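This is a predicted model, so every value here is computed, not measured. Letters go in sequence order (proteins before strands), and every chain restarts at 1.
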Amino acid sequence: MPELAEVETFRRQLEPLLLGNTIESIELFHPRITRRHPNKKIFIKEVEGATVKKVSRYGKYLILELSPVSFLNIHLRMSGRFLVFDSENFEISMLPKHSHVVIYTKEKVVAYIDPRTFGEFWLTKSRTPEIDKGIDAFDSSQYQLYEKLSQYALSKRPIKTILLDQSVVSGIGNIYADEICANAQVLPTKRTCDLSDSENSKIVKSIKSVLQSAIDDRGSSLKDESFRDLYGNVGQYQNKHLVHARKTCSKCGSEIGKTKLAGRSTYFCRHCQG
DNA sequence: GCATATGTTCCCCC
DNA sequence: GGGGGGAACATATG
Ligand SMILES: [Zn+2]
């Protein structure tokens, strides 16, 4: 479910609730979420009583920096989300199905919900290099993005495959890869080596502008509405999609093409991107 | 029963 | 070494 825009939505909503506050307790209801920690008691002991010093995001990773110093790394994978309650009137019975982790602070209770349990929480003593593979798709400058893309100027891989590669740019997933290509008026299947300078430049500008708009609209909730923000509200950016999960192009009205690329459903407009 | 799902990793193969 | 394809993880929905 969550790509960079959805993770950033959670980050912005969690930050004011957690920053400077102490995690009074954490409950683990499903062992898979903390699967890197066979000993759950040690994990719980590390987190309980810690104060949140920073709430950051890199790509699709969310990172809570704690004091005493440790890093609580979180990845939501396909179906992870958060939901907040006021401590004052919270009861366990309020937790939705598939609530696997619950974080308690003085005033708020934050539940982590994840039907497919692909998501992960794990602790490291320092910032872990595994999250820093590619450059962040949103926080990097246009110059940095252009330079990074230039490294693939000879690549025969389709441009969408490059955008989806987290070791190149970190944070773009299937929805926004399609939307970035549509916004840049480049077919997702086009070989990266065949992109003109102007097309490369449009891709870079579109990475920034599509993600900015998507964050402004608190992400995309598709038909199943499985993405809800911290307050249980659906996002709004799906209403601004040009092509992804659409029947017709919202720019020109022509029929949307659909194919498989890198094993993922891929939507495009032949008229606008041809 | 089948296909699909906003993600990542691992294995096999060319 | 690069890169493609498929399977795996586990659950829900059409
Ligand atoms: Zn169009």
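For A/Glu130, the CD atom is densely surrounded, since the number of other residues' heavy atoms within 6.0 Å is greater than 12.
The partner of B/dA5 is C/dT11, judged by Watson-Crick or G-U wobble contacts that both fall below 3.5 Å. When both pairing distances are held under 3.5 Å, C/dG1 makes no Watson-Crick or G-U pair with any nucleotide shown.
Side-chain nitrogen and oxygen atoms of A/Gln166 include none within less than 4.0 Å of the OP1 or OP2 phosphate oxygen of B/dG7. Phosphate contact (OP1/OP2 of C/dT11, side-chain N/O of A/Lys97, threshold under 4.0 Å): absent. The phosphate of B/dA5 has OP1 or OP2 within less than 4.0 Å of a side-chain N or O from A/Lys260. Remark: A/His98 is not in phosphate contact with C/dA10, judged by side-chain N or O atoms under 4.0 Å from OP1 or OP2. Residue A/Arg77 has no polar side-chain atom (N or O) positioned under 4.0 Å from OP1 or OP2 of B/dT8. For the pair A/Lys133 and B/dT8, the criterion of a side-chain N or O lying under 4.0 Å from OP1 or OP2 is not met. Between A/Arg264 and B/dG7 there is a side-chain polar atom (N or O) within less than 4.0 angstrom of OP1 or OP2. In terms of phosphate contacts, A/Lys60 brings a side-chain nitrogen or oxygen within less than 4.0 Å of OP1 or OP2 of B/dG7. Proximity of A/His75 to the phosphate of B/dT8: a side-chain N or O atom is located under 4.0 Å from OP1 or OP2.
The separation between A/Arg157 atom CZ and C/dG2 atom C1' is 8 Å, rounded to whole Å. Separating the CD atom of A/Gln151 from the C1' atom of C/dG1 is a distance of 17 Å, rounded to the nearest angstrom. Atom-to-atom, CZ of A/Arg81 to C1' of C/dA12 comes out at 13 Å; the value is rounded to the nearest Å. Rounded to whole angstrom, the span from the CD1 atom of A/Ile33 across to the P atom of C/dC9 amounts to 16 Å. Between A/Asp224 atom CG and C/dT11 atom P there is a gap of 17 Å when expressed in whole angstrom units. We find that CZ of A/Arg35 is positioned 13 Å from P of B/dT8, with the value rounded to whole Å. Following rounding to the nearest Å, A/Asn73 (CG) and B/dT8 (C1') show an atom-to-atom distance of 16 Å. Straight-line distance from the CG atom of A/Leu154 to the P atom of C/dG3: 11 Å, rounded to whole Å.
Linking Ile, Leu, Val, Met, Phe, Trp and Tyr residues whenever their side-chain heavy atoms come within less than 4.5 Å leaves A/Leu211 and A/Leu164 in two separate clusters.
Positionally, the nearest nucleotide of DNA chain B for A/Ser221 lies more toward the 5' end than for the other of A/Ser221 and A/Glu130. Where A/His30 and A/Pro158 meet DNA chain C, the nucleotide closest to each residue was compared, and A/Pro158 sits on the side nearer the 5' end.
The stretch residues 110-128 of chain A touches DNA chain C through A/Pro115, A/Arg116, A/Thr117, A/Phe118, each having a heavy atom within less than 4.0 Å of the strand.
A/Lys40 and A/Thr34 share a donor-acceptor pair across their side chains, judged by distance under 3.5 Å alone. Under the 3.5 Å distance criterion, with hydrogens and angles disregarded, a donor-acceptor pair is assigned to the side chains of A/Thr117 and A/Arg32. Under 3.5 Å, the side chains of A/Tyr61 and A/Ser56 contain no donor-acceptor pair of N or O atoms. Checked by atom type, the side-chain pair A/Thr51/A/Ser67 shows no donor-acceptor distance below 3.5 Å. Counted by atom type alone, A/Asp216 and A/Gln212 present one or more donor-acceptor pairs between their side chains at under 3.5 Å. Side chains of A/Thr266 and A/Lys160: a donor-acceptor N/O pair is present below 3.5 angstrom, by distance only. Side chain to side chain, A/Tyr104 and A/Glu27 meet the donor-acceptor criterion of an N or O pair below 3.5 Å.
Among the atoms of the strands shown, base atoms are found under 4.0 Å from some heavy atom of A/Leu222. Backbone-only contact: A/Asn174 has heavy atoms under 4.0 Å from sugar-phosphate atoms and none from a base.
Of all nucleotides listed (C/dA10, B/dA5, C/dG4), C/dG4 comes nearest to the side chain of A/Thr161.
Between the P atoms of C/dG1 and B/dT8, the separation comes to 24 Å (whole Å).
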